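Notes follow the structure.
Just so it is clear, the structure is predicted and the values come from calculations on it, not from any experiment.
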Amino acid sequence: MRFLIFLICIGSIMMSQAQVNINEKKSFVVGTTTESIEIDGDLKEAIWSKLTPAKDFIQYFPSDSLPAKAKTEIYMCTDKKNLYIGIKCYSTGNDWIVNSLRRDYRAGGSDNITLLFDTFDDGTNALYFGVNPEGVLREGIISNGGSVIRDFSTSWDNKWRGNAKKYDGYYTAELEIPFSTLRYPTPSKKWGFSSYRFDSQTNEISTYSRIPRNQIVFTLAYMADMIWEEELNTKSSAVSLIPFVSSGINKDYEDDTPTDNFFEVGGDAKIALTPGLNLDLTVNPDFSQVEVDEQITNLDRFEIFFPERRQFFLENADLFGQFGFANINPFFSRRIGVGNDVRTDELVQNRIYGGLRISGKLDPDTRIGLLNMQTASSSTQGIPSINYGVAVAQRKLGARSNIGFIAVNKQTVDFDENLDTLDINRYNRMVGVDFNYATRDNTWSGKTFAHGTFSPNTSLAVAQGSTLNYNTRKYGVLWKHEYVDEDYNAEVGFVPRKNYFRINPVAELRYYPQNDLLNQHNYRAEADIFWRPDFGKTDHFLSAGWGGEFTERSTFRLNLNHNYVYLFDSFDPTGTSSLELDAEQDFSYVSFTGNYRSDRRKVFSWSVSPYIGEYFNGWRYGTRGSFNIRYQPRGSFSLNYAVNYFDLPHLDGGRETFLISPRVDYTFSKSLFTSLFVQYNSQSDNTNINARIQWRFAPVSDLILVYTDNYLTGDVDPLDRFAFNVRTRSIVLKITYWLNL
């Protein structure tokens, strides 16, 4: 008996020690070399065998407390000009999954490894670099500590190199990152570092430092120490010029205007002012190569959000664009370069002459940003020339919290007094303060903000919101509230709804069963309730459901919902230009929704999200989802769809909506990409075709050919036949070149 007790005590001590080692903050040393390294993916240089690797990765999925089955080793060294990284990724076989050869891939459902560098070691912002077994690269930024999905962005691009090589049971990779592409304090003694790896053959996600399963895998709350063997004094200053030339043809068949032939020249410049502060300049920016928005079925009473896709506005977008909440955003860069045509009352593009942006670290605890853009006027469309100015500052507080200030100014340069009847403000201004809170381990996090706007004929109007999130392995609790004044008017922001107070509490109970079917599941309850001052409750959404993730990586969710809506204005709930419901009445209805997404590692994967139940004064049946077929490693065919059928008593017969979006992506090589994207939307009787070829002939330098066709489709023919009439057509050729001076 004593011997048994002794063994139990020894076992307990060993288990406790193992847990301590797993949770202990890791560190490794970046070596120094004078050896020339060829970036071919083959770790043949002598230096790699002399370095001690960052290794002993820990599972994040399916567990978060066991050593990883697929071993990973990361070696780093520097020649004071570049950071060199050697990587070995082992697995159980050679069936690597690579979705395509296109740069900036998404990590889920394929084999790859990502490295995160917190160069200021503040747990707030980081750059990431990734590579897969085919040597395809990706890079981007992580902001605000990596607490939510929107903190992850692929928008950052720069010059660096990488390659990979496959062997029996493992692959290796080599990366070369010039210090001129990075921003960091000098001298640097250590950076924060993290890494996560997807291995499809062991069905495992692993991380260098242990990250609890209730946290996002790219969180910056659990960073290791990356220690420089010799203090890093290399200056990161650099000047980059990115000129472009574009030419093309546009034809508007709907308005029967003459063909527009254009030739544009412009460019950007990137200048490092200090090791942490960067100046970006743009002259006559051209966004003709930007991919079209993915359409959605709009059944909402309010404006729909479409993300920014223009490259100049994406870099450092977190510093400028993450004030407030997603639906109370004081600065939305898509407002720049868009005006309202007074003849048609439609939004149209108007030319941007140019602009500048200063952004980055002023010191280790302070980030600043200044942005100024100037747009052209159009007298025929009634659009004045406008100057947009934004100033932001963010100061770190405590371990991972910060306070930020923002000011936005929209100023008409050539305001015409005769346009007063068009309700154009001479200026619109906004000021605000945000406090972002996060504990060291991210158990508690949140935000509170207060913003105010004012225009010539409007006094100060306020928007305020707060959120507080408690996140542990077992429980998740969120409190969120919002208030937007009736006169709040952030013209350069995204605020689709005004004059309301809202609360949105959420509670989640999590379980991690040890079986071969479910990896984790949870029960979730949510309430989303709106009130209008001096009126009372106007809307609510109540939901309770069950969801989770299977061990083979598919996910599911089932929800029972109750909606209440009071209509202040008449509204067509089908979005089909049908008879509207009368204003000043309310509706209460129950629905069932679900979601299932299959294992994305498979050659064929799919998702489905059905809606069944009551809807306003009747019933709605519908579903949205996708299908995806991968032809590895060249590309994929995907089909997104949304179908709805409405049976509402106030309509004469049912109504249907269809949104079908097939897409083909094919990569001939790691430098030549093609895509074909077709979207048919019955709500707008519109079909759009977008085809593009992109040749990356040098690092971050591209030749892009884009063809766009837009058709009016639907029962619009006088003989009631299905019509397919061209609206607009364009073809654009654009060349950009990245030159480092």
Side-chain angles (χ1 to χ4, degrees), residues 102 246-257 259-262 286-300 303-311 313-314 334 337-341 344-350 574-577 622-629 635-644 655-666 673-694 704-717 721-734:
R102 183 185 292 273
S246 69
S247 181
I249 300 173
N250 294 318
K251 174 64 176 177
D252 188 334
Y253 291 88
E254 196 168 30
D255 293 338
D256 195 25
T257 57
T259 301
D260 178 23
N261 300 287
F262 67 89
D286 172 75
F287 306 111
S288 57
Q289 85 286 2
V290 175
E291 291 195 18
V292 297
D293 292 315
E294 294 186 14
Q295 298 183 35
I296 64 173
T297 300
N298 183 9
L299 301 178
D300 205 335
E303 180 184 8
I304 299 297
F305 177 84
F306 289 99
E308 176 65 86
R309 296 178 179 272
R310 299 173 295 180
Q311 182 61 40
F313 295 104
L314 286 173
R334 281 190 72 141
V338 175
N340 188 65
D341 189 331
T344 62
D345 197 31
E346 293 182 353
L347 294 178
V348 295
Q349 291 185 8
N350 70 307
T574 71
T576 60
S577 300
T623 185
R624 58 182 174 83
S626 65
F627 299 97
N628 188 82
I629 300 175
S636 64
F637 169 78
S638 61
L639 176 68
N640 294 331
Y641 64 90
V643 180
N644 287 283
R655 297 291 188 274
E656 304 90 13
T657 63
F658 301 94
L659 176 61
I660 302 173
S661 306
R663 181 185 183 112
V664 178
D665 284 282
Y666 191 84
F673 322 127
T674 62
S675 66
L676 175 64
F677 187 30
V678 181
Q679 298 185 87
Y680 166 66
N681 190 344
S682 67
Q683 281 189 309
S684 56
D685 289 327
N686 188 78
T687 296
N688 190 77
I689 301 173
N690 183 266
R692 50 191 290 127
I693 300 174
Q694 179 178 350
I704 303 173
L705 180 66
V706 181
Y707 174 77
T708 303
D709 237 345
N710 192 271
Y711 294 91
L712 178 67
T713 48
D715 297 329
V716 297
D717 190 275
R721 293 176 299 181
F722 187 79
F724 203 81
N725 300 319
V726 62
R727 280 176 160 171
T728 60
R729 181 174 292 160
S730 69
I731 184 167
V732 178
L733 178 67
K734 182 174 181 179

Got [X] and [Y] here, is their nearest side-chain heavy-atom distance under 4.5 Å?
X      : Y      : value
Ile704 : Arg692 : yes
Thr713 : Asn681 : no
Leu639 : Ile660 : yes

What's the spacing between [X] [atom1] and [Y] [atom2] if we round to 0.5 Å?
X      : Y      : atom1 : atom2 : answer
Thr257 : Asn250 : OG1   : CG    : 9.0 Å
Ser247 : Leu733 : OG    : CG    : 7.0 Å
Tyr680 : Ser661 : OH    : OG    : 11.5 Å
Lys251 : Asp260 : NZ    : CG    : 10.5 Å
Ile689 : Thr687 : CD1   : OG1   : 7.5 Å

Under the rule for side chain to side chain contact (heavy atoms under 4.5 Å, CB included), what residues qualify as partners of [X], not counting sequence neighbours?
X      : answer
Thr576 : Asp572, Thr574, Ser578, Arg655, Thr657
Phe673 : Arg102, Thr667, Gln694
Ser577 : none
Asn261 : Ile249, Thr259

For Asp709, enumerate each residue passing the side chain to side chain donor-acceptor pair (under 3.5 Å) test, keeping only those at least two apart in sequence or located in another chain.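 For Asp709 the side chain to side chain donor-acceptor pair (under 3.5 Å) partners, ignoring immediate neighbours, are Tyr707, Tyr711, Arg729.
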
Who passes side chain to side chain donor-acceptor pair (under 3.5 Å) against Asn710, sequence neighbours left out? Asn686, Asn688

Heavy-atom nearest pair, Pro662 first then Phe677, reads O-CD1, 3.6 Å

Taking atom types as modelled and ignoring hydrogens, do the side chains of Asn690 and Thr708 form a donor-acceptor contact shorter than 3.5 angstrom? yes

Which residues pass the salt bridge (charged side-chain N to carboxylate O under 4.0 Å, His left out) test with Arg727, sequence neighbours left out?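 Arg727 satisfies salt bridge (charged side-chain N to carboxylate O under 4.0 Å, His left out) with Glu254 once adjacent residues are dropped.
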
Only counting residues at least two apart or in another chain, list the ones meeting ring-ring contact (aromatic ring centres under 6.0 Å, His included) with Phe627.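 Applying ring-ring contact (aromatic ring centres under 6.0 Å, His included) to Phe627 gives Tyr641.
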
